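Here is the structure we will look at, set down as structure tokens.
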Amino acid sequence: MADALLLTGSKQLVTMAGPAPRRGRALGEIGAIRDGAVLIASGRIVAAGPRARVERHRVARRARRIDLGGRVVTPGLVDAHTHLVFAASRATEYEQRIAGATYEQIAKAGGGILSSVRALRAATDEALAAGARARLARMAAHGTTTVEAKTGYGLDFDNELRTLRLLRKLGRGSPEASGVEIVPTLLAAHVVPPEFRHPGGADEYVDRIVRLILPAAALEGLAEYCDVFVERGAFSVAQARRIFAAGRALGLKPRVHAEQLSRTGGARLAVEVEAASVDHLDFASGADMRSLARSEVACVMLPGCSFHLGLARYAPAQKLIEAGAIVALATDCNPGTSPTLSLPMAMSLACTQMRMTPGEALAACTINAAYSLGRQARIGSVEAGKDADLAVWDVEDYREIPYYFGVNYCVMTLKRGTVISKVC
Ligand SMILES: [Zn+2]
């Protein structure tokens with residue numbers, strides 16, 4: 001094959017090979033191979049394993065070789081929860097919070113999610129695209145090859161749809177493509193928009209989502225998932241249930257923001273509606289964890305939020321893993337509560353603040369994150385037949401990826417066999 005590529009010289013190849021998703025002790029089984037090699041053709045992995053064996057493959061003889069010089073290779077990272085498209089940072093609010101302002105005071109002074117809504121509505125398509133494209137490039141530079149991206153700063157028909165169309169343009173298969181695969185989620189139910197902040201307004205807005213926004217997104221094929229922020233001051237369990245039923249009827253699977261700042265019953269709802277994922281979970285109860293462990297719902301934990309907001313409480317990773325739940329990690333990249341693009345940083349936080357092992361953290365942002373996006377058969381591990389999505393790290397051992405916190409050691413990222421990011 002003309003386009004065959006053989007990667008050798010990997011001191012450690014972390015494959016994550018095996019059944020997906022991973023639960024319990026299996027989460028830490030990462031399938032590390034010393035002196036590993038990966039053979040790629042037509043964007044797919046043809047063979048992966050010990051170098052001597054891979055080199056004997058007939059395709060290897062005609063392949064272009066790249067010697068990685070003793071670096072570590074992992075599956076491309078999968079970021080299962082981001083708010084990728086936004087118009088401006090909220091650094092002013094960051095400083096106000098450090099000075100002691102509460103969330104309510106900041107919101108009253110014009111900050112919070114609604115300030116991101118105002119900024120997005122006022123921004124041009126070009127400005128939004130440029131910002132999101134730059135973020136995708138930085139994510140790729142940190143080893144990310146697939147990103148889930150939510151709307152939720154438009155909060156009206158035009159701007160929610162506009163955000164989804166932008167995500168389609170930034171995904172693969174268009175001239176503006178970033179190289180990173182984008183999984184689009186409609187989060188029209190992020191907060192109640194300003195136009196509906198009157199008694200009964202939240203239900204009127206939910207009506208609008210169900211009757212207009214969801215059907216339009218589904219008709220244009222713009223979203224795979226729909227999401228609701230179930231929280232005091234956002235949406236109730238009953239409102240979320242309506243949105244998920246409407247979404248499901250249109251072919252959009254649920255994802256749920258739940259139990260982030262208080263326990264509101266979102267986790268239980270996620271199990272009830274067989275959601276693809278339930279995200280945050282900082283305030284999940286023992287009963288929530290037991291029922292999640294018995295379900296197929298992925299628990300996506302977002303330690304960047306607790307870190308950025310300076311909160312003492314993180315999601316109960318150990319308890320979820322022990323109970324047998326499917327856990328994943330994501331950045332929750334957003335301008336208000338987690339302005340990071342780095343999954344390695346999320347891994348560092350998961351290790352030191354949530355006591356996950358480096359192996360568990362890596363599995364949580366590769367194979368299990370891929371599962372949460374319904375893509376575990378195609379991405380998330382380095383196995384023959386899967387997409388050649390890989391990250392190469394300038395470290396001696398995969399544990400050094402979270403260990404060297406706050407510093408990016410990713411030197412090369414491949415999506416379907418194509419280099420999308422590289423340090424010269
Ligand atoms: Zn979020």
Side-chain angles (χ1 to χ4, degrees), residues 78-87 89-90 93-94 103 107 112-117 120 132 135 139 144 146-155 160 163-164 167 182-193 209 223-235 240 243-244 247 252-262 264 266-267 269-270 275-284 297-309 311 313-315 327-343 345-346 349-350 364-365 369 372-373:
V78 178
D79 199 341
H81 183 139
T82 82
H83 304 251
L84 178 72
V85 181
F86 56 86
S89 98
R90 280 166 30 202
E93 207 176 292
Y94 178 56
Y103 191 83
I113 292 175
L114 290 182
S115 77
S116 291
V117 173
L120 182 133
R135 284 190 274 280
M139 286 172 160
T144 300
T146 302
V147 171
E148 186 264 7
K150 304 175 195 298
T151 66
Y153 296 125
L155 304 189
E160 287 294 302
T163 308
L164 285 175
L167 288 171
I182 297 177
V183 182
T185 297
L186 180 69
L187 176 62
H190 196 185
V191 289
V192 178
I209 293 172
E224 281 187 43
Y225 295 96
C226 66
D227 198 336
V228 178
F229 186 20
V230 180
E231 188 62 68
R232 286 196 306 236
F235 295 91
I243 292 168
F244 290 141
L252 306 185
K253 254 191 128 180
R255 310 184 82 80
V256 192
H257 281 69
E259 331 298 3
Q260 179 188 3
L261 304 167
S262 61
T264 49
L269 177 69
S277 76
V278 58
D279 303 35
H280 286 292
L281 293 173
D282 305 65
F283 282 79
V297 181
C299 303
V300 180
M301 301 178 294
L302 308 163
C305 282
S306 302
F307 175 75
H308 183 73
L309 296 176
L311 304 175
R313 190 191 278 250
Y314 282 76
V327 303
L329 281 171
T331 60
D332 193 14
C333 167
N334 80 82
T337 61
S338 186
T340 183
L341 304 162
S342 168
L343 275 171
M345 184 67 197
L349 294 171
C365 54
S372 88
L373 298 175

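Each ligand, and each atom within it, is numbered from 1 in the order the structure gives. Just so it is clear, the model here is predicted, and its values are computed rather than measured. Each residue takes its place number in the sequence, starting with 1.
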Plane angle bin for Phe229 and His280 - parallel if under 30°, tilted between 30 and 60°, otherwise perpendicular: tilted
Name, closest N/O/S atom of Asp332 to the Zn ion (ligand 1): OD1
Geometry at the Zn ion (ligand 1) - His257 NE2 versus His83 NE2 angle, rounded to 10 degrees: 110°
Ion pair check, Lys150 and Asp227, cut-off under 4.0 Å: yes
Aromatic Phe244 / basic Arg255 pairing, under 6.0 angstrom, 45° off normal: no
Intermediate values then yes/no, side chain to side chain donor-acceptor pair (under 3.5 Å), Glu231 and Ser262: CA-CA 7 Å; Glu231 188 62 68; Ser262 61; 2.5 Å; yes
Cys305 near the Zn ion (ligand 1): N/O/S under 2.8 Å: no
